[in-house]
Amino acid sequence: MPDTLTIIDNRTDLRYELPIHQGTIRTMDLRKIQAFPGDFGLMGYDPAFMNTASCQSAVTFIDGDKGILRYRGYGIEQLAEKCSFLEVAYLLLFGELPTASELQAWVSTITHHTMLHETTKKFLEGFRYDAHPMGMFISTVAALSTVYPDARDVHDPAVRQLQICRLIGKVPTIAAYTYRHSLGYPYVYPDNELTYPANFLNMLWKMVEPKYQANPTLARALDILLILHADHEQNCSTNVMRSVGSSQADPFVSVAAAAAALSGPLHGGANEEVLRMLDEIGSKERVWAYIQQVKAGHGKLMGFGHRVYKNYDPRARVIKWTADQVFQVTGRNPKLEIAIELERIALDDEYFVKRKLYPNVDFYSGIIYQAMGFQPEMFTVLFAIPRTVGWLAQWQEMIQDPEQKIARPRQVFVGKESRQFVPIEQRGSQAARAASPNV
Ligand code: ACO
């Protein structure tokens with residue numbers, strides 16, 4: 001059976017044979033299909049990339065129908081159970097799990113990149129006391145580009161590696177500082193004796209005690225949450241990272257752009273919205289009525305549905321297990337009752353079953369974060385910390401891919417054809433045009 005696709009163009013009766021490779025055709029091959037000599041050629045039209053692969057990637061594998069997620073071939077469940085976040089970061093970036101000595105060196109390198117330049121600390125002072133932490137995070141990551149102008153040399157592997165370490169080391173510090181800024185608390189410098197998650201908790205919550213001791217169960221739960229959020233192949237923010245990075249912009253501004261994409265409520269911002277939704281529902285008894293409202297077209301169930309998963313999001317399963325560990329320390333978050341009831345009713349309801357809408361990673365994560373003491377405004381920042389690793393792994397892959405060029409989609413132009421210029425005194429107003437559109 002030949003790995004080809006035969007296309008007959010009914011406009012010309014011509015027949016074309018296109019190669020199929022790994023279940024895809026190259027859309028550029030369509031261009032030779034012309035209606036007449038000199039025709040531009042056929043294009044693919046795919047708003048929102050519903051069925052278009054923009055790259056080849058070896059980083060993350062998802063089977064959305066079966067609910068499988070693997071980083072570099074390893075199942076997410078095993079990585080969450082057996083690894084630390086920095087171990088998984090190494091795997092995502094370098095392709096293999098580190099040996100003990102490689103891990104030690106890697107952890108030491110990241111630990112020695114956690115400090116922020118004092119000007120960056122002062123930069124944070126410029127934000128209003130009630131600025132959203134995600135806005136502060138995005139802007140401060142972008143501002144690092146001014147501190148490290150060497151980062152522009154994106155083709156030098158050693159320079160790239162240095163920026164990768166800087167970013168992974170500094171994003172928890174920036175995140176913690178946005179939180180301290182919103183409370184008006186003094187910033188806490190990183191503590192090199194602590195693990196990555198324990199140091200983050202230290203920078204968030206240390207007050208006057210000489211040494212902050214994070215609860216080990218909470219630090220481990222946070223580490224697991226970081227692992228679960230580290231990468232998710234070509235999602236909205238990763239696509240932005242690759243797109244901005246394809247112009248050879250430095251990784252700081254590219255990560256800031258990716259974080260901006262993450263902040264939207266349909267993407268990483270959903271975790272914050274889930275908590276608002278649970279607050280709005282208020283009690284277990286009101287879940288059914290809320291679901292009817294959603295089915296009638298008023299809003300969405302936040303934390304439900306996914307472009308790729310048409311089955312249970314495997315991360316949501318691990319998160320539920322992690323929640324049990326956290327609640328043993330913090331006590332049960334009362335919102336869990338509402339969330340469980342919502343999941344129960346939705347998974348049994350024709351509307352959600354037919355559309356294959358399952359809880360996604362954001363559905364339960366916020367409930368754990370809240371139990372740990374985070375305000376909903378911080379949730380998406382907590383997502384951005386680990387996803388920085390995924391963005392960087394994908395960026396590095398993109399830079400090294402000889403097939404990649406500046407990302408520049410085509411369009412189907414549906415606007416006006418060429419028009420005669422109208423002098424200003426002869427132009428009709430918007431209101432007049434609206435009143436008689438044919439004039
Ligand atoms: N609640 C109710 N209905 C939904 C939901 C939801 N959460 N999600 C999708 N639907 C419905 C849509 O209305 C649509 O119905 P229709 O066929 O009758 O028009 C159908 O399911 C298909 O949905 P689309 O919007 O076409 O799916 P798409 O792949 O474009 O969107 C998305 C995926 C954005 C995640 C969507 O499911 C959603 O908005 N969910 C809520 C926000 C959310 O939780 N986002 C986090 C995603 S995970 C992440 O980014 C980390």
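We count ligands from 1, going down the list as the structure has it; atoms in each ligand are counted the same way. Because the structure is predicted, anything quoted here is derived from the model rather than measured.
For the pair Arg307 and Tyr309, the cation does not sit on the ring face, since its NZ or CZ is not both under 6.0 Å from the ring centre and inside 45° of the axis.
Classified by interplanar angle (parallel below 30°, tilted 30° to 60°, perpendicular above 60°), the ring pair His181/Tyr187 is parallel. Trp106 and Phe94 have perpendicular rings, their planes meeting at more than 60° on a 0 to 90° scale where under 30° would count as parallel. Ring-plane geometry between Phe374 and Tyr369 is classed as perpendicular, the angle between the planes exceeding 60 degrees on a 0 to 90 degree scale with a lower cut at 30.
Between the side chains of Gln370 and Asn333, at least one donor N or O sits under 3.5 Å from an acceptor N or O. Side chains of Thr111 and Asn192: no donor on one and acceptor on the other come within 3.5 Å.
The presence of a protein heavy atom under 4.0 Å from atom 22 (C) of ligand 1 is ruled out. Put simply, atom 1 (N) of ligand 1 has protein non-hydrogen atoms near it, under 4.0 Å away. Within 4.0 Å of atom 32 (C) of ligand 1, not a single protein heavy atom is present. For atom 37 (O) of ligand 1, the protein comes within 4.0 Å by at least one heavy atom. Protein heavy atoms all stay at least 4.0 Å away from atom 26 (O) of ligand 1.
Remark: ligand 1 atoms within the under-4.0 Å shell around heavy atoms of Ala270 are 43 (C), 44 (O), 45 (N), 46 (C). Less than 4.0 angstrom separates some heavy atom of Gly303 from each of these atoms of ligand 1: 43 (C), 44 (O). Applying the 4.0 Å criterion to heavy atoms of Phe383 picks out, from ligand 1, the atoms 51 (C). Distances below 4.0 Å separate heavy atoms of Arg307 from the following atoms of ligand 1: 28 (P), 29 (O), 30 (O), 33 (C). Atom numbering of ligand 1 starts at 1 in the shown order; those under 4.0 Å from a heavy atom of Val294 are 2 (C). Atom numbering of ligand 1 starts at 1 in the shown order; those under 4.0 Å from a heavy atom of Asp362 are 46 (C), 48 (S), 49 (C), 51 (C).
A salt bridge is defined here as a Lys NZ or Arg NE, NH1 or NH2 lying under 4.0 Å from an Asp or Glu carboxylate O, and Glu341 with Arg286 fails to meet this definition. A salt bridge does not link Asp29 to Arg26: none of the charged side-chain nitrogens sits closer than 4.0 Å to a carboxylate oxygen. A salt bridge between Lys295 and Asp349 is present, with a side-chain N of the basic residue lying under 4.0 Å from a carboxylate O of the acidic one. A salt bridge links Arg276 and Glu272; the closest N-O separation between the charged side-chain nitrogens and carboxylate oxygens is under 4.0 Å. With salt bridges taken as basic N to acidic carboxylate O contacts below 4.0 Å, one links Asp279 and Lys335. A salt bridge does not link Lys32 to Asp39: none of the charged nitrogens lies less than 4.0 Å from a carboxylate oxygen.
Here the heavy atom of the protein found nearest to atom 35 (C) of ligand 1 is Gly305 O, 3.7 Å. Scanning the protein for heavy atoms near atom 40 (N) of ligand 1, the closest one is Phe304 O, 2.9 Å. Counting only heavy atoms of the protein, atom 5 (C) of ligand 1 lies nearest to Leu357 CD1, 3.9 Å.
Of the listed options Val274, Asn271, Leu266, Leu262, Leu266 places a heavy atom closest to atom 45 (N) of ligand 1. When the options Lys310, Lys300, Arg315 are ranked by their closest heavy atom to atom 39 (O) of ligand 1, first place goes to Lys300. If you check each of Arg355, Lys356, His232 against atom 15 (O) of ligand 1, the one with the closest non-hydrogen atom is Arg355. Taking only non-hydrogen atoms, the option from Arg387, His306, Met302, Glu273 nearest to atom 42 (C) of ligand 1 is Met302.
At least one heavy atom of Tyr351 sits closer than 4.0 Å to an atom of ligand 1.
For Val361, no nitrogen or oxygen atom sits less than 3.5 Å from a nitrogen or oxygen atom of ligand 1, counting backbone and side chain alike.
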